[in-house]
Every structure is written in C-alpha cells, then in structure tokens.
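Below is one structure; the comments refer to it alone.
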Number of protein chains: 2
Amino acid sequence: MDSEPKEGGDIKRLAPITLAEVAEAAGVGESTVSRVLRNEGSFSRKARDRVMEAVERLGYVPNRIAGTLASTGSRLVAFVIPSLSNIVFPDLLRGASGVLEANQHQAVFAVTDYDPGREEALVAAMLAWRPTAVMLAGFEHNEGTRKMLRASGRRVVEVLDVDGEPVDIAIGFSNRAAGQESAAFLLKRGYRRIGYVGHDLERDTRAGKRYESFCAALHTAGFPLVDRQINAGASSVESGRQGLGQLLARSPGLDAVYFSNDDMAIGGYFHCLARGISIPSQLAIFGYNGLDIGRATPQPLSTIRTPRVMTGQVAAELVVSNAPSQVVDLGFELIEGATA
Amino acid sequence: MDSEPKEGGDIKRLAPITLAEVAEAAGVGESTVSRVLRNEGSFSRKARDRVMEAVERLGYVPNRIAGTLASTGSRLVAFVIPSLSNIVFPDLLRGASGVLEANQHQAVFAVTDYDPGREEALVAAMLAWRPTAVMLAGFEHNEGTRKMLRASGRRVVEVLDVDGEPVDIAIGFSNRAAGQESAAFLLKRGYRRIGYVGHDLERDTRAGKRYESFCAALHTAGFPLVDRQINAGASSVESGRQGLGQLLARSPGLDAVYFSNDDMAIGGYFHCLARGISIPSQLAIFGYNGLDIGRATPQPLSTIRTPRVMTGQVAAELVVSNAPSQVVDLGFELIEGATA
DNA sequence: ATCAATTTTGGTAGCGCTGCCAAAATTTTC
DNA sequence: GAAAATTTTGGCAGCGCTACCAAAATTGAT
C-alpha cells in the first residue's frame, strides 16, 4: 500500500458519474433524469424505466452539492452542541437523526466544549453549508452568534431550555422549574439541611439555572442551602463521588444533597455505598436527567426525567415541516425513586 | 408569531451576501476576495484589509456549497454509525470532531440502528455529499455498501475493529483478542464455572466476535462456558441486571460472569448489590469498554479499556492528512479492577 | 533609465445540478 | 379528422464559487 489514496480494483474512475452521463446512457435529456430521480414533475413510465436502468447500471450517486447550489435548501441540519460526553446531547441527536433521515435530511454537527467563542466560530462554519436549520443548546450565546443567526435566513432552534428569549424556535423544558420543583420535593419530604454537588456552572448554564432556582426555593422556604461543592470540569460519576465526599467532610450534618445531574448523583450514590451511608435515612440524594442507569440501581434514583430524545424529535419535525416560530415546553417528570 | 419563518428586525435579506457583492464593496476582483478568504495564492496587504473590512461590514459568510462544487473536496466527513445510545459511538465522534474542526472539516452523521440495509441507504445518502471520507463501524457491510464505497473514490475508514479485510483504512482494536484475553484473565484468577450475559449479538457483530473468541478460549482451556443469557435489544444497565438475574436463577453455581460490555456489567453489579451477592468472592464480574463509571463504583469494575476517543482522533487525522490505506491496531488495556 | 523577474490582480470558464420555458408528443373534445 | 387541451420532453441559463490564465503593477538588476 502506498500513498495513492485509491486504486479500487474493478471500478476506477477519478470523477464520479454525472447526471449528464446518465442522460446520455439512458437516451433521454438531463431534465428528464433530474425529474425522475427527484420524482417531481411529469415523465412517462418508459422514461422512468430507462433512467432507472442507467442509474443502476452506472452506479450513479446524485451530487447533492450541485443539486443544492442549483435549487434551494441544502437538506442539511446543523447541530452546534457543547459536548458529546454528557449523554444529553447524544440523546438529542438520536431523537433528531431518526426524523431527519426519514425526511431525507442529514445532520451535521460540531462540538463547542461549552465555549461561546468556539460556538460562534462553529456557527459560522455551519452557516457556510447553508443548512435548513441550526440547532443550538440553550439561549446563552455571544451577541455575534445571535446576529449571524438572525442574518442567516436559516431556521434557528434553541433546545433543552425554555427560560429565555429565542431567536426563532425553542424546544425543551424549564430548567428553572426543575430546580424549583426539586427543592419543593425535598422540602416536602422533610429534608431541611440540604447541600449541593455540582460541576462547572459557568459553562453549563442550564445546570446553573437549576442551581439558582433550587437555592432560591430553599431560601424562600426558610431553609437555605447549607453547603455546596462545585467541582471544576465536566460532570461525571467520579466527580460526583469525590464531590459528595468533600461536601460531607465539611458539612457532616446534611440530610439531603441535590446534584447537578444524574451522573454526579450516581457518583454520590456510590460514595454512600462505599462508606456505608444508608440512603435515604442518613442522606437523601436527588439528581437530574432521569438516566436509565438510575432506574437499575438497587434503589431507584430520585430525579427529574427530561424528554431529551423527544426534544430532538420535535425539533427535527418542526424544522422539516417549516413550522412557525414558537416555544415548545415539553415539560419533565419528577421521579420519586427511593433515594430521597 | 405566525407562519412566516423569518422577519429578522434589522437585517432582512432573502438571499445571503455573495462573494461578488463583497468584491464590489471592497473594490477588488472576485478572485482577490476568494484568495484572501482562503489565504491562498498571493495578494497585497492593502487588498487583504479592504476585503476583510467589506466581509466584516456586510456579514459575509462564504458558501461552501458553491466552493465545494467549484473546487474539489467537500471538507465533510461522513459517519455512518449503528447507534448513539451505546457510548462507544459518541466517544468516537468526540475524538474525531475535535480533529476535524481543527482542520476546517465538518462531521455529518447518520444512525443505522445496526441495520445493514439502512446502512446501505445511508451510505448512499452520505456519498451524495461527496465527503472527504466515510467512516463506518466494523467490517460487516452489505456487498452493495462495499461496492458503492469502492466506486465512490472516497476514503473509507472502518473503525472499532481490526479483525477483517478493510476497504481502505481500518482503525481500532481486536475484539477477538479482547474476548480471548478476558477468558485468559478469568481462568488465571481461578474461575472455572463461567457464564455470559449479553445483548443482541446478531446486530452488534463486534460483541459477537468477543463472545465467540471468549468461548473458544474457555473451551480450549477445558472449562467451557457453563451458561449464557442473551437478551434481545440493545445493551443497557437494566438489561444486564435482569440478564444476570435470569442466568443465576438457571445456573446458581457460576463463579464468574463475562458481560458483553460495561453497561451490562454494571447492571450485573447492581443485581449483586441488591441481592447481597458478594463480589468477587461469590461471583466475579468482567465487562468490556472501560467506561468511567466502572472506576467510580465502590469496587472498580474489572474490564478491558478500549481507546474509543483515540480511535476517532486517529481516524480523523489519517483522513485529513490523506494517509495511505492501512490497518491501525490501537490495542486495549485490561483493567484488573476488583470485581474479578 | 531599461529590461527582466516577480508579485499582484481581474476576467472568465466551468463544477453538476435544477428551474424555466418552449417545443414535441400524446390525448381529448367536438 | 382537425383543433384544443394536456402531458412529456430537452435545451440552456445560472446557482456562487474556484482554477486557470493573461494582464497589470511592482520590484530588482544592470
């Protein structure tokens, strides 16, 4: 094997087959081939058969680059997401990709790593493909990003949050309400000395919103947050485990801990298992996301289940159907579980 | 809000700015603008400044569709992956996307749901974008898929496996070796009555390869697999938990269980926790993947850690550098852990 | 100052397809 | 059977950009 990229045994062509070649081979005009392949306009059954035969025989694959340039609409949908480590985003992509594929669209994505500057650069790169829509996480974007999006003439969908002013469409659930309800639940259960373990809130602004409204609700109820441990970096099971260890070392009297998400909460759960802290009698644990793993633990995790996959589905559906600007609140479900 | 998609306050343009308009505004020729923006060929400092000023002022975003059609190479890399639920694939995408973004490429993806027919259709859809490369999981593809890929003139990268005949490039690790080493490890530790809990092996052919070579190794050693529980559907913690329950109900005398991956193994771990089965003295557990969560459990999971993110990185690097056809075995690492 | 070498510049022909239109073929109507 | 209505068809401009080339401007050598 040498540096030559391809040298494919049988079929060796530098340039792929073009529509003109198919037309030639089928003995029809280019327009007819185009119409048949897009199943648009009118053509005779005979023409159709001859075209299809030629397409088959030559192994023709249409060039969407050219097609897009000539027509309008790229049938590409761009996702500019903060991360792929946080299961939230694969779930979102999963929901969307099914719908997109069923509608002959393709998903393009790029990962910002929670950096608004990168987000701006990546949005620009994405817009260069003239996508049908751009999907972003949440509402916190640079002014430059927002301006570019507005000027782009593309659909813009901000997902996984509804607490903000959308550029065009927003689909998700209220992180503020989630934080508030989590607090209400813990209070209702009688917990009073409540702590928090979270990851980098500067970057994950949705987690930040949950935290803020959680604290506010506790405060209003007269039982303000006792202590918190906020670890740098992304959320992870390990971070949650260590975080709870550090928190409890400082504040041993806590009776419940709210985690920034389920990954962190599962880590906390493991800490308790390892230390023999009984849940929930000695310490209650509450998460966010409603991951599957939380249902398989010996005690099901108390958490809030968010419709992440459905967010992706609905986002994709609105985009392919060219729906009007709107905010769709898909809500969430509080899972009582057995850890709080 | 009504059905009108956009009506963006200030900037209202149906068609985005074109390069010709920038040239006009900057008082230079189109070619100059093109050269400046691609930073290719030569141009004076003065020309550069005028172009950049106009670009800035007009908010010009180049049209890559047109650029690609006129030149060669779309700077798109297509991923046709089986799933987004299995963390393996987000990890792969994560590794690749960083490298791609750093090299001005974009990732497009589609999800086959482990269906070779869908894979074929999606590969065709992807090839329509004339991507720089197509990345696929493993070697098990329809003949039609393979033929299309060979005829496409694109780079083809088959990832996450090296046990097979690549179309062009293969990067990953040996699933057969992993199965074999897992068996050797359990035997070395003295386990003799070994079972297996897995998910749908027809579809996840890489898990199937591990299973086969695991069984073969046990057989060779004279301690063939005692029993197995194979659940339909994708792998999940819940499936692993239930699977182990069913397996142990049938074969209570097992002293070790090999799981199709870490998700399943963690499920098994939870089953043991819930039933008070002590690990590893009563039952040993061994997984595959080396997920982070397995390091945070009270007893670290015994497993094989695979370089999934690095697979993505290397795949992307080879593609952007137009490396020759080759097979890259990234190997794996056996984590002794505390569960086996 | 003169001519050669070099750098910078703009015009223009496509890239492969779709959209438009008028021409050709077919069907319907009287 | 002729005229009108309808369906089917092919030619060609042009989508926005890059590649190529020749012309213009600048620099260097003598």
Side-chain angles (χ1 to χ4, degrees), chain A residues 13-52 54-55 58-76 104 125 127-131 152-153, chain B residues 13-52 54-55 58-76 104 125 127-131 152-153:
Chain A
R13 284 186 62 87
L14 294 98
I17 314 284
T18 67
L19 180 139
E21 296 177 89
V22 174
E24 166 84 353
V28 300
E30 295 184 33
S31 331
T32 302
V33 176
S34 180
R35 272 179 237 118
V36 169
L37 289 175
R38 284 175 301 135
N39 194 31
E40 211 212 78
S42 62
F43 46 82
S44 63
R45 169 136 195 90
K46 202 176 93 184
R48 201 193 72 96
D49 292 344
R50 299 178 61 176
V51 168
M52 292 317 261
V55 164
L58 301 177
Y60 172 67
V61 177
N63 184 334
R64 258 204 191 296
I65 301 279
T68 300
L69 184 61
S71 67
T72 45
S74 62
R75 292 182 165 274
L76 282 174
Q104 287 80 245
L127 287 176
W129 290 102
R130 301 294 186 263
S152 70
Chain B
R13 284 187 63 88
L14 295 96
I17 315 283
T18 67
L19 181 139
E21 296 177 89
V22 174
E24 165 83 354
V28 301
E30 295 186 33
S31 331
T32 302
V33 176
S34 179
R35 271 180 240 117
V36 169
L37 288 176
R38 285 176 299 136
N39 194 30
E40 211 212 76
S42 62
F43 45 83
S44 62
R45 170 136 194 93
K46 202 177 94 184
R48 201 193 73 97
D49 292 344
R50 300 178 61 173
V51 168
M52 293 316 262
V55 164
L58 301 177
Y60 172 66
V61 177
N63 184 335
R64 257 206 192 297
I65 302 278
T68 300
L69 184 60
S71 66
T72 46
S74 62
R75 291 182 166 273
L76 282 174
Q104 284 80 246
L127 287 176
W129 288 101
R130 302 294 188 264
S152 70

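Here is how names work: the chains are called A, B, and so on, in the same order as the sequence lines, proteins then strands, and each is numbered from 1.
Summary of the strand contacts: B:Gly29 and A:Val61 both lie near DNA chain C, and taking for each the nucleotide with the nearest heavy atom, the more 5' one is attributed to B:Gly29.
Backbone-only contact: A:Ser44 has heavy atoms under 4.0 Å from sugar-phosphate atoms and none from a base. Backbone-only contact: B:Ala47 has heavy atoms under 4.0 Å from sugar-phosphate atoms and none from a base.
Rounded to whole angstrom, the span from the CD1 atom of A:Ile17 across to the C1' atom of C:dG16 amounts to 13 Å. If you measure from atom CD of B:Glu30 to atom C1' of C:dT9, you get 13 Å, rounded to the nearest angstrom. Between the CZ atom of A:Arg45 and the P atom of D:dT7 there is a distance of 18 Å, rounded to whole Å. The CZ atom of B:Arg50 sits 9 Å away from the P atom of C:dG10 (whole-angstrom rounding). Put simply, CG on A:Leu37 is 8 Å from P on C:dT18, counting in whole angstrom units. Straight-line distance from the CD atom of B:Glu21 to the P atom of D:dG16: 8 Å, rounded to whole Å. Rounded to whole Å, atom P of C:dT26 lies 17 Å from atom CZ of A:Phe43. Straight-line distance from the CD atom of A:Glu40 to the C1' atom of C:dG19: 9 Å, rounded to whole Å.
Residue A:Ser31 has its side chain nearest to C:dG19 when only C:dG19, C:dT7, D:dC20 are considered. Comparing atom distances between the B:Tyr60 side chain and each of C:dG19, D:dC17, D:dC20 picks out D:dC17 as nearest. Candidate nucleotides C:dG10, C:dT9, C:dT18 were compared by shortest atom distance to the side chain of A:Ser34, and C:dT18 ranks first. The nucleotide whose nearest atom lies closest to any side-chain atom of A:Ala70 is, among D:dT18, C:dT18, C:dT9, C:dT18. Of the candidate nucleotides D:dT18, C:dT9, D:dT8, D:dT8 has the atom nearest to the side chain of A:Ser42.
Using a 4.5 Å heavy-atom cutoff, the side chains of A:Ser34 and A:Phe43 are not in contact.
The shortest distance between the side-chain N/O atoms of B:Arg38 and the OP1/OP2 oxygens of D:dA19 is below 4.0 Å.
In this structure, the side chain of B:Arg64 does not engage the main chain of A:Ala128 through any donor-acceptor pair within 3.5 Å. Looking at B:Thr32, its side chain never comes within 3.5 Å of a backbone N or O of B:Val28 through a donor-acceptor pair. In this structure, B:Arg130 contributes its side chain and B:Ser74 its backbone to no donor-acceptor pair below 3.5 Å.
Between the side chain of A:Arg35 and the base of C:dG19, no donor-acceptor pair of N or O atoms lies under 3.5 Å. The base of C:dG19 lies outside donor-acceptor range of the side chain of A:Ser71, with no N or O pair under 3.5 Å.
For the side-chain contact (heavy atoms from CB on, under 4.5 Å) criterion with A:Thr68, the lone passing option out of B:Ile65, B:Asn63, B:Leu69 is B:Ile65.
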